[in-house]
K.L.:
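This is the structure I have questions about; it appears just below.
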Amino acid sequence: MLKTFKIGGVHPEDNKLTRAVRTEIAELPKQAVFPLSQHIGAPAVPCVQKGDVVKVGTVIAKAGGFVSADIHSSVSGKVAKIDTVVDASGYRKPAIFIDVEGDEWEESIDRSDSIVRECSLAPQEIIERIKNSGVVGMGGACFPTHVKMMPPKDCKLDCLIVNGVECEPFLTADHRLMLEHPDEVLIGVSIIMKALSLEKAYIGIEENKMDAVELLRGKAGDYPGVEIVPLKMKYPQGGEKQLIDAVVGRQVPAPPAIPANVGALVQNVGTVFAIYEAVQKNKPLIERIVTVTGKSVKKPANLVVRMGTPISQLIDYVGGMPEDTGKLISGGPMMGRPLMNADVPVVKGTSGVLMLPREDAVRAEERPCIRCGKCVSACPMGLEPYLLATLGEQADWERAEKEDIMICIECGCCQSTCPSRRPLLDWVRLTKTTVGGIIRSRNAKK
């Protein structure tokens, strides 16, 4: 019997249109744009200036604090300016603009296709290499990986859980990565295990990717302590708490508790691959697989894209934006963010570009809540979304905080199940943002 998490969840149509489409290499942009906030925490600080010449892999911005990450150029050329750009959030953020000239790489990067299996680095050297390579969580949260690999001293880790779930509809970047680079993924797992002295690792993969399950199972025998765990399809199984529950049956307590409090470290499979490249190839995080898709797209694709490439270039690659497009989304339909325009650059957390048809993008008319409780049953965090949304409408921030709105993972399960078509997620996001600001202001005064 396949495992899954216990509380809530929904079953959206998976729409994995590109599951069998091999990755292709996207062309280099004419100008690459690097926002300085590509991760949770402090923005990176530029260490180049206008006119500087850089190569692929050159550090162009250094971590701006403990929770932050370096940013490397994914192209070679000349720094055109340090200005602002509209990112996926819709706000203007500081960014470095580089005019592309050729494709010259830093000589320290191993660009060969050979697979390097043995890791001779000591644990602390592994973490330092990851830090210097700017690796962050590739599943969307973008938490600096080196920080995540240094858990609090009172937490004893005993297992690594690799997120190969990719439960978000339409996206297939992680699926293709596991099929096309299984050895590198498994070596990356063993590197993390070595860095943290772990004897057990699990790779959780949903049942709609059984080809990846079988492929990795066939190879995992060469990697002691690594187990492939097939999981039932259920969204949002890729959430850390949901994945830990599904794979090892442990419940992470409410914040401030983190996965490390129950002995688990969770890493996305894309992050594991980036760790392999950082440690074994000395290659910083300068590119990633992006799924470019949609029901009306002429040639949906999985593309290996250099950071800083404008999304408009990827859309041109798949045949242009369909005429019936009603919404352009960075990510998937459940947790992705609508984009104001297609000039937004690809960053470390860009997993997909979705062109949603108008008929799927237009909201139905909202009706009054009928107290059916479907949103409560669907919430994987055990919250009451109908109540949180109402509190937001009434600006009752104090009660919203008491009702634990800050533990919401913004998965959208509530809104997708509401028969009255209430914009529950929108209200919850707005309320959570407001309450978060109040909490930060209150803490700053202490």
Side-chain angles (χ1 to χ4, degrees), residues 1-11 40 137 139-141 143 147-168 189 192-193 196 198-207 225-269 271 334-335 373-388 400-414 416-417 425 428 432 435-436 439:
M1 184 175 177
L2 296 174
K3 295 182 175 182
T4 190
F5 58 97
K6 300 177 184 66
I7 302 174
V10 295
H11 299 270
I40 287 177
F143 194 89
V147 178
K148 198 171 186 180
M149 291 178 66
M150 295 186 290
K153 292 182 179 180
D154 59 346
C155 296
K156 175 61 178 175
L157 296 178
D158 61 32
C159 69
L160 166 67
I161 300 177
V162 177
N163 179 4
V165 170
E166 199 167 43
C167 58
E168 180 84 40
V189 170
I192 298 172
M193 293 172 71
L196 299 175
L198 300 176
E199 296 183 358
K200 191 65 182 177
Y202 306 90
I203 303 179
I205 306 172
E206 286 194 334
E207 60 185 315
V226 180
E227 179 181 341
I228 312 303
V229 183
L231 301 169
K232 186 183 297 185
M233 283 176 60
K234 189 162 70 163
Y235 176 87
Q237 199 149 229
E240 280 193 332
K241 292 185 177 182
Q242 288 69 40
L243 188 59
I244 293 170
D245 182 16
V247 174
V248 295
R250 302 176 191 174
Q251 301 288 331
V252 180
I258 57 176
N261 289 112
V262 296
L265 173 73
V266 180
Q267 296 285 10
N268 177 265
V269 69
T271 311
M334 299 296 287
M335 294 189 74
K374 285 189 174 182
C375 63
V376 178
S377 299
C379 180
M381 299 304 293
L383 300 173
E384 297 178 284
Y386 75 92
L387 174 60
L388 296 175
E401 182 181 354
K402 290 180 180 178
E403 295 292 341
D404 289 327
I405 194 168
M406 295 309 295
I407 72 171
C408 169
I409 60 173
E410 303 180 28
C411 64
C413 287
C414 55
S416 72
T417 60
L425 178 60
V428 170
K432 183 180 173 184
V435 171
I439 292 173

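Bear in mind the structure is a predicted one, so any value in this text is a computation, not a measurement. Atoms considered below: every heavy atom in the structure, side chains included; atoms not considered: hydrogens, waters and symmetry mates. Count residues from 1 along the sequence.
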K.L.:
Please confirm whether the backbone N or O of G238 pairs with a side-chain atom of N163, one donor and one acceptor, at under 3.5 Å?
P.N.:
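Such a contact is found between N163 side chain and G238 backbone.
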K.L.:
Are the side chain of Y235 and the backbone N or O of G412 linked by a donor-acceptor pair below 3.5 Å?
P.N.:
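Checked: no pair found.
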K.L.:
Can you name the closest pair of heavy atoms from L231 and A246 and give their distance?
P.N.:
CD2-CB, 4.1 Å
K.L.:
Please round to the nearest 0.5 Å and tell me the distance separating atom NE2 of H11 and atom OG of S416.
P.N.:
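Result: 11.0 Å between the selected atoms.
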K.L.:
Under 4.5 Å between any side-chain heavy atoms of V189 and I203, yes or no?
P.N.:
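A side-chain contact exists here, since the closest heavy-atom pair is under 4.5 Å.
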K.L.:
At their closest point, which heavy atom of P255 faces which heavy atom of I407, and how far apart are they?
P.N.:
CD-CG2, 3.3 Å
K.L.:
Where is the tightest heavy-atom contact between P236 and G9, given as atom of each residue plus distance?
P.N.:
CD-CA, 4.2 Å
K.L.:
With a 4.5 Å limit on heavy-atom distance, are the side chains of E166 and E206 in contact?
P.N.:
no
K.L.:
Does K241 count as lying over the ring of F5, i.e. NZ or CZ under 6.0 Å from the six-ring centre, within 45 degrees of the axis?
P.N.:
no
K.L.:
List the steps, then state whether side-chain contact (heavy atoms from CB on, under 4.5 Å) holds for L388 with K432.
P.N.:
CA-CA 9 Å; L388 296 175; K432 183 180 173 184; over 6 Å; no
K.L.:
Is there a side-chain contact (heavy atoms from CB on, under 4.5 Å) between L243 and V266? Walk through the geometry before answering.
P.N.:
CA-CA 8 Å; L243 188 59; V266 180; 4.1 Å; yes
K.L.:
Please report the interatomic distance CD1(I192) to OG1(T271), rounded to the nearest 0.5 Å.
P.N.:
8.0 Å
K.L.:
State which residues pass side-chain contact (heavy atoms from CB on, under 4.5 Å) with C379; sequence neighbours excluded, sorted by chain then number.
P.N.:
M381, L383, P385
K.L.:
Taking the side chain as everything from C-beta on, heavy atoms only, tell me whether K234 gets closer than 4.5 Å to Q242.
P.N.:
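No. Closest side-chain heavy atoms not under 4.5 Å.
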K.L.:
How would you list, by chain and number, every residue that makes a side-chain contact (heavy atoms from CB on, under 4.5 Å) with L425, sequence neighbours excluded?
P.N.:
E410, Q415, R429
K.L.:
Can you tell me how far the CZ atom of R250 sits from the CG atom of N261, to the nearest 0.5 Å?
P.N.:
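Output value for this atom pair is 12.0 Å.
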K.L.:
Quick check: do V262 and Q251 have side-chain heavy atoms less than 4.5 Å from each other?
P.N.:
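Heavy-atom side-chain distance check fails, nothing below 4.5 Å.
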K.L.:
Counting heavy atoms not belonging to K402, are there more than 12 under 6.0 Å from its NZ?
P.N.:
no
K.L.:
Please determine which of E207, Q237, K232 meets the side chain to side chain donor-acceptor pair (under 3.5 Å) test together with T4.
P.N.:
Q237
K.L.:
Is any side-chain heavy atom of I161 closer than 4.5 Å to one of P259?
P.N.:
no
K.L.:
Using every non-hydrogen atom in the two residues, find where K148 and L265 come nearest and quote the distance to one decimal.
P.N.:
O-CD1, 3.5 Å
K.L.:
For the pair E168 (side chain) and M334 (backbone), establish whether a donor and an acceptor sit closer than 3.5 Å, ignoring hydrogens and angles.
P.N.:
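Yes; at least one donor-acceptor contact below 3.5 Å.
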K.L.:
When you look at V252 and E240, which way does the side-chain contact (heavy atoms from CB on, under 4.5 Å) test go after all the steps?
P.N.:
CA-CA 9 Å; V252 180; E240 280 193 332; over 6 Å; no
K.L.:
Identify the heavy atoms of K3 and V247 that sit nearest to each other, and give their distance.
P.N.:
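Nearest pair, atom of K3 first, then V247: NZ-O, 3.0 Å.
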K.L.:
Roughly how far apart are M335 CE and C413 SG, rounded to 0.5 Å?
P.N.:
9.0 Å
K.L.:
Between I7 and G382, what is the shortest heavy-atom contact and its length?
P.N.:
CG2-N, 4.1 Å
K.L.:
Does atom NZ of K374 have more than 12 heavy-atom neighbours, drawn from other residues, nucleotides or ligands, at distances under 6.0 Å?
P.N.:
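No, the 6.0 Å shell around NZ holds no more than 12 heavy atoms from other groups.
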